[in-house]
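In what follows, every heavy atom counts, from backbone to side chain, and hydrogens, waters and symmetry copies are set aside. Here is the naming used below: chain letters follow the sequence lines, and residue numbers restart at 1 for every chain.
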2 protein chains.
Amino acid sequence: MTSQAESRGSRDQGLHAHLLAALGPAITAGEFPPGTVLRTDELADRYEVSRTVVREAVRVLESMHLVESRRRVGVTVLPTEAWNVYDPQVITWRLAGADRPRQLRSLTMLRSAVEPVAARLAAELATPEECAELTEHALGLVRTSRGEQLPGYLVHDIAFHRVILRASRNEMFARLGDVVAAVLTGRTEHEVMFRDPRQAAVTLHVQVAEAVREGDAATAERLMRTITEDAMAELDVLAP
Amino acid sequence: MTSQAESRGSRDQGLHAHLLAALGPAITAGEFPPGTVLRTDELADRYEVSRTVVREAVRVLESMHLVESRRRVGVTVLPTEAWNVYDPQVITWRLAGADRPRQLRSLTMLRSAVEPVAARLAAELATPEECAELTEHALGLVRTSRGEQLPGYLVHDIAFHRVILRASRNEMFARLGDVVAAVLTGRTEHEVMFRDPRQAAVTLHVQVAEAVREGDAATAERLMRTITEDAMAELDVLAP
DNA sequence: CAACCTCATTACGTCATACGTATTCAATAG
DNA sequence: CTATTGAATACGTATGACGTAATGAGGTTG
């Protein structure tokens, strides 16, 4: 065993996480085309870890359906269709990779399918506390809608949509909060958004908060549909 | 090492899969309340496998956010909010467990959010081959809509919705094919469906196939929305 | 000549052991 | 009563050995 201190790599969460952080992005980025076979020993040698660590990382990749391990064959990279594209880890890796635009488009489409329904449910089921949160974040959007306050705007935007999804009282919807956060963050980071958030969007958010507070499900859904469709349109304009 | 043949357990995919098949359902069923600590040695002893195997299984559970492994503490069961509820494995486990009704409701709601949008996209993007498949499965539904042919009906129903989701050309939507299959299968298995599939549903499916073939996006979306809302209503009637 | 069977090879699967290390909790000193 | 120290603990990692199934070469057979 060499000094085993490792130059740096990842002090975060263990060697297996380090390996995952190396293999996951590489696979999702297509550096290993589907059908590529990786050997455990080779990986252990390449990344200077024991086979134990490699096997644990492979097990995780396998649970994400990124690879398949077969005896006497090796660890085979699976085609995209097999991947667990809802796994937050996979989403993160892909958003950081080459096919980011395609990924962003898929996720935005998912948003535009789910969020309007979530808004309708929220209007029917939101607690007073959640209504208050919505109003607060809507006001936050108004405050940060002008000038160089994109980071602040982003925080309120994410929080607003998280509350909507959570207030829908649907587990599956609530879990998309992370996805929405990733999409919105990505949009801001890559300046796939005008420097001054459009006032129309801000107004719509305020109105959604109102509709939810008043229990107007139909209006909440319609307004949210407008918001997400605008997001889709924005993407169509600024991406191939 | 004892005889190590194991009464049966799972010859399917290795010992670690066996362990997963035991721990996953137990955790998702709430047999280990959040905060419960499991020790690897204890698990290894209890299931008569080596610590290596336990660790690999734990890594997978960890990637699903069902548990968290911390030094000197053990493997802690995480609260439901942390779980990867989109993981097909987790979905399967939960559908087989106690809170099946709640799970079925959440998933059906997700369907009713996504499938109408998918139908709209399908009407715009479906290939001639996919249109043919849709028509074929719609006819299959008609043929099996009466008498004791629920299994046959189910096959065509699942296939139909899979084609719609695939034809939407959206990765995230396409991946929900398994979810829809699980929901429809569950509905049939538990007789949460009338013995004779309703004729109205069959007609709607035929009309969706038509709308997609003719590229009538608005109609396809509207019809599919009716289908999924009927599914929700059905659930409301037959479940608390 | 083609189809089938045999068997050595290979790389994953599992086990056992040893040691490293972060974390916790209790005992002690101030 | 607070703060520091230190021993116990359970996970993290490495290593070496062996089991086992899948593969493909090579020989056998119809």
Side-chain angles (χ1 to χ4, degrees), chain A residues 1-23 27 32 34-78 82, chain B residues 1-23 27 32 35-78:
Chain A
M1 160 189 359
T2 58
S3 74
Q4 202 59 35
E6 195 63 26
S7 57
R8 176 88 355 113
S10 68
R11 187 58 43 85
D12 31 296
Q13 211 168 339
L15 293 185
H16 96 101
H18 175 200
L19 228 194
L20 265 182
L23 289 179
I27 293 174
F32 302 105
T36 305
V37 233
L38 309 169
R39 259 120 33 172
T40 313
D41 299 306
E42 184 183 310
L43 291 174
D45 180 54
R46 181 174 182 73
Y47 291 94
E48 293 180 315
V49 292
S50 68
R51 255 183 63 210
T52 311
V53 171
V54 174
R55 292 178 96 306
E56 287 177 17
V58 167
R59 280 284 110 83
V60 174
L61 293 174
E62 208 172 31
S63 85
M64 297 170 175
H65 289 86
L66 293 185
V67 304
E68 183 191 35
S69 180
R70 281 169 54 196
R71 272 186 152 139
R72 158 67 182 170
V73 172
V75 178
T76 312
V77 176
L78 294 176
Chain B
M1 142 183 28
T2 59
S3 74
Q4 203 57 35
E6 195 63 25
S7 57
R8 177 78 5 102
S10 69
R11 186 58 42 85
D12 29 298
Q13 211 168 337
L15 292 185
H16 97 101
H18 175 199
L19 227 195
L20 265 182
L23 288 179
I27 294 174
F32 302 106
T36 305
V37 252
L38 310 169
R39 263 122 32 183
T40 45
D41 297 309
E42 185 182 311
L43 291 173
D45 180 54
R46 181 174 182 72
Y47 291 94
E48 295 182 310
V49 293
S50 68
R51 251 184 67 203
T52 311
V53 171
V54 174
R55 293 181 95 293
E56 288 177 16
V58 167
R59 280 283 112 82
V60 174
L61 292 174
E62 210 172 29
S63 84
M64 297 171 175
H65 288 87
L66 292 186
V67 303
E68 183 191 36
S69 180
R70 281 170 53 197
R71 270 185 152 139
R72 159 67 190 186
V73 172
V75 178
T76 312
V77 176
L78 294 176

Calculate the interatomic distance between [X] atom [atom1] and [N] atom [atom2]; express it in whole Å.
X: B:R55; N: D:dA14; atom1: CZ; atom2: C1'; value: 12 Å
X: B:L19; N: C:dT14; atom1: CG; atom2: C1'; value: 13 Å
X: A:L15; N: D:dC11; atom1: CG; atom2: C1'; value: 13 Å
X: B:E68; N: D:dA10; atom1: CD; atom2: C1'; value: 15 Å
X: B:E48; N: C:dA16; atom1: CD; atom2: P; value: 11 Å
X: B:R51; N: D:dT15; atom1: CZ; atom2: C1'; value: 14 Å
X: B:H16; N: C:dT14; atom1: NE2; atom2: P; value: 7 Å
X: B:E56; N: D:dT13; atom1: CD; atom2: P; value: 13 Å

Just N and O in the side chain of B:R59: are any of them under 4.0 Å from OP1 or OP2 of D:dG12?
yes

If we only count heavy atoms from C-beta on, is the A:Y47 to A:V53 side-chain gap below 4.5 Å?
no

Tell me every residue that passes side chain to side chain contact (heavy atoms under 4.5 Å, CB included) with B:E68, counting only those two or more places apart in sequence or in another chain.
B:R70, B:L78

Nearest heavy atoms of [X] and [Y], plus distance in Å:
X: B:L20; Y: B:A57; result: CD2-O, 3.9 Å
X: A:V67; Y: A:V58; result: CG2-O, 4.1 Å
X: A:V60; Y: B:S63; result: CG1-CB, 3.6 Å

Which atoms of nucleotides 8-11 of chain C (N or O only) lie under 3.5 Å from a protein N or O atom, and what are those distances?
unit_1	atom_1	unit_2	atom_2	d
C:dT10	O4'	A:R72	NH1	2.3

Taking the minimum atom-to-atom distance to the side chain of A:V49, which one of D:dC11, D:dA14, C:dC15 wins?
D:dA14

Considering every strand and a 4.0 Å limit on heavy-atom distances, what is the contact class for B:S69: base, sugar-phosphate, or nothing?
sugar-phosphate

Kindly compute the distance separating OG (A:S69) from CZ (A:R55), expressed to the nearest 0.5 Å.
7.0 Å

Salt bridge check: are A:E62 and A:R59 linked by an N-O gap of less than 4.0 Å?
yes

